[in-house]
Amino acid sequence: MTTFVTHTAILTARQLRAATRIPVFLVMNLIQPVIWLLLFGQLFKAVVEIPGFGAGGSYLEFLTPGIIMMMALFGSAWAGTVYIQDMDRGVMDRFLTSPTSRGALMVSTILYQGVLAVVQALVVLGIAWLSGARFHGGLTGILVLLLAVVLLTAVFSAFSNAIALLARQQTALIGISQLISFPLMFLSSAIMNTKLSPEWVRNVARFNPFEWAVVAGRQALSAVPDWAAIWANLGLLAALTVVMAWLATLAFRGYQRST
Amino acid sequence: MAQTTTGPALEAGQLIKTYPGGRGKKPIRALDGLSFTAETGTVFGLLGPNGAGKSTTVKILATLARADSGSATVAGIDVARHPDRARRAIGFVAQKQVSDPMDTGRENLVLAGQLQGMRTGDAKIRAVELLERFSLTEAANRLVKTYSGGMARKLDVAIGLMHRPSVLFLDEPTTGLDPEARAEMWAEIERMARLEQMTVLLTTHYLDEADRLASSLAIVDHGRVVAHGTPEELKNQLRGDAVIIELSTETDVAAAQRAVSRVESLREIGMDGHTLRARADIATVALPLALAALEDASLRVLSATVARPSLDDVYLRHTGRTFARAQENTELQGSNR
Ligand SMILES: Nc1ncnc2c1ncn2[C@@H]1O[C@H](COP(=O)(O)OP(=O)(O)OP(=O)(O)O)[C@@H](O)[C@H]1O
């Protein structure tokens, strides 16, 4: 257990170190949310006025948690890239032939991706606030939102890592990840209230982990949060995180079998 | 710590490994009953052309890949049954670069030590020691992506040595290095074998490398060991030295062969263009006789050489093709890998 914790810490530090050494990468990660937020904010400004949308506040306030989760989802789709790079070199093989904890290899990439997603979420919140959005949930609301961000990131980073270990190619990784993340995004209330969508979309959305995070985040930021819904959705995400991380750790065996 | 174990440091017994061939293609049998043993404290060489199965063997012994069948032990530990124990006993330098280009040399070393369970302080001290030994001290705090090929390779070996393993795997440590970096790496490996009580498994497709570094070696071809022993033993099996006589281009080749065949101490006489090759137990005795016979037949000799048998001769003898030819063939096949 202490091995797991130590290895997780030093491996997470390795990735954070690498990220800070590529300034372009950091800048890109920060500019991206701004673009999304402003783009969608302008495009759909008028949607709140559609009868039945009923979000209460401005569209920007509705959209902000959606964009934050979208960033987290797309970011985690790339999580497996770290593995791909390590596999293209002999770094992964070296880790796997040393007593490096497999769990730590998995959790460190998840934590790293989580840190990136939290920073991006804070940027989005800041810009939205400057643009006039107000988050009535206060500090508690923001912390709960960030928790949802981390859990969502964990689920999809683990998934991305598993794909990376089995497919071993960057192009395959990105292809598969996008094949999954785009439908998940559209079958959710991230940018559009599902009250306006066909009934089947609403039904499907209930089983969409991405939607769980969006609902939890949006409720947390609202003036009168539905705490039951928040905890239920966070609980589902947490359970899925554990399952996904465990399955993804098993993918190391798949990698070794084909080596 | 280099631990003393009874029995060989490395043992591969009848290893078989098949890779799925991909869509519609036949499975690839990478190892076909490969066996060898390496004694503790020696440099053991696996010599073979590309695709012979050297890397696959190393990967199995280093717990990375699993054999379909057969046994593999490292420092007395069965790698299939106790991979975790085996991983503490080994250092693994893959064919590909094992260092992280976005970390500095020092960071790479310290991380490797920590992952092996060393305390951070100890890892830092050991890193300084190894950086010094591999003449990387000046580059210690630079990102590895700025290193030359030779420097990066030295760092790779240092990474493998961090926790003082009892067995070190070096998979083609000098492939792609320029002659100078290669010579430096050779000197380092020799020093390592002498100073540390460590067993080194070295794979290479350079004959001269195996000859110089390996105290014992196995020639691998198509997933099997076709010959093994010390480089000297392997060469001695060929019984005798090579005698090579180059004749002027207008010489009648058949006449030359006839003339030389009367020299009793020469065997395996063959012509390769205008070059005559033969084998003799004691070349210094046979050569003057051969030259005299050619002189008698009024045939003009341009040059004459005597050579100790090389590993290339050994390779030729056991696989029926010269090493260079084998390497070319696999490179042609290799393009669709
Ligand atoms: N992961 C893999 N999947 C499929 N086939 C593989 C894999 N690894 C190796 N092979 C095949 O197995 C055979 C043996 O390869 P191996 O890498 O062990 O040879 P080698 O002697 O180390 O040569 P090289 O110098 O190229 O490393 C080759 O035909 C190779 O194409």
Side-chain angles (χ1 to χ4, degrees), chain A residues 1-26 81-109 112 165-169 172 252-259, chain B residues 17 19-20 22 30 55-56 58-66 68 74 79 83-104 107-108 110-120 123 143-145 152-153 156 159-160 162-163 165 167 169 171-172:
Chain A
M1 193 63 200
T2 52
T3 309
F4 169 75
V5 174
T6 324
H7 286 191
T8 303
I10 58 181
L11 289 170
T12 310
R14 171 179 89 110
Q15 292 174 60
L16 287 171
R17 212 157 51 217
T20 59
R21 282 168 180 166
I22 315 175
V24 186
F25 173 79
L26 283 186
T81 303
V82 176
Y83 281 1
I84 301 266
Q85 283 171 350
D86 285 349
M87 286 188 282
D88 284 346
R89 306 194 182 93
V91 179
M92 179 64 86
D93 289 354
R94 163 164 68 92
F95 287 157
L96 293 181
T97 54
S98 75
T100 306
S101 156
R102 296 337 188 221
L105 277 173
M106 186 53 61
V107 174
S108 63
T109 50
Y112 161 71
L165 286 171
L166 300 176
R168 298 171 175 217
Q169 279 168 6
F252 279 113
R253 294 199 199 155
Y255 170 76
Q256 279 185 264
R257 202 164 302 128
S258 60
T259 293
Chain B
K17 169 87 179 171
Y19 287 110
S55 294
T56 307
V58 170
K59 284 184 202 161
I60 290 170
L61 286 164
T63 76
L64 189 59
R66 259 176 180 271
D68 301 343
V74 166
V79 298
D84 287 331
R85 277 171 55 199
R87 285 174 190 141
R88 287 176 200 286
I90 63 169
F92 176 73
V93 181
Q95 201 167 332
K96 293 180 283 188
Q97 184 184 323
V98 298
S99 56
D100 180 348
M102 291 311 293
D103 259 354
T104 66
E107 284 163 349
N108 265 294
V110 173
L111 180 76
Q114 288 171 323
L115 289 175
Q116 278 285 356
M118 293 171 79
R119 276 207 305 265
T120 310
L143 296 188
V144 172
K145 66 172 183 173
R153 211 56 186 144
D156 282 350
I159 287 173
M162 269 303 281
H163 59 294
V167 176
F169 295 100
D171 197 356
E172 299 194 3

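Please read all numbers here as calculations on a predicted model, not as lab measurements.
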If you look at every heavy atom in B:Lys17 and A:Arg257, which pair is closest and at what distance?
NZ-O, 3.7 Å

Residue selection (most heavy-atom pairs with chain A, distance under 4.5 Å) from B:Arg85, B:Gln97, B:Arg88, B:Glu107
B:Glu107

When every non-hydrogen atom of B:Ile159 is compared with those of A:Arg94, the smallest separation belongs to CG2-CD, 3.5 Å

Closest non-hydrogen atom pair between A:Ser98 and B:Arg87, with its separation:
O-CD, 3.4 Å

Once you round to the nearest 0.5 Å, how far does CE of B:Met102 lie from CD1 of A:Ile22?
4.0 Å

Does any backbone or side-chain atom of B:Ser99 lie under 4.5 Å from a heavy atom of chain A? Answer side chain, backbone, both or neither.
backbone

Top contributor to chain A contacts, counting heavy-atom pairs under 4.5 Å, from B:Asp103, B:Asn108, B:Thr63
B:Asp103

Atom pair CG (A:Asp86) and NZ (B:Lys96), whose distance is rounded to the nearest 0.5 Å:
10.5 Å

A:Asp88 portion near chain B, given a 4.5 angstrom heavy-atom threshold:
backbone

Is it the side chain or the backbone of B:Ala30 that comes within 4.5 Å of chain A heavy atoms, both, or neither?
neither

Side chain, backbone, both or neither: which part of B:Ile60 has an atom under 4.5 Å from a heavy atom of chain A?
neither

Residue pair B:Leu64 / A:Gln256: nearest heavy atoms and the distance that separates them:
O-NE2, 2.9 Å

Between B:Gln95 and A:Gly90, is there a donor-acceptor pair closer than 3.5 Å when you use the side chain of the first and the backbone of the second?
no

A:Arg17, A:Arg14, A:Gln85: which one forms the most heavy-atom pairs within less than 4.5 Å of chain B?
A:Arg17

Inspect the surroundings of CZ in B:Arg66 and state if more than 12 heavy atoms from other residues, nucleotides or ligands are less than 6.0 Å away.
no

Hey, are the side chains of A:Ile10 and B:Leu111 touching, using non-hydrogen atoms and a 4.5 Å cut-off?
yes

Minimum heavy-atom distance A:Arg21-B:Thr104, with the two atoms named:
NH1-N, 4.1 Å

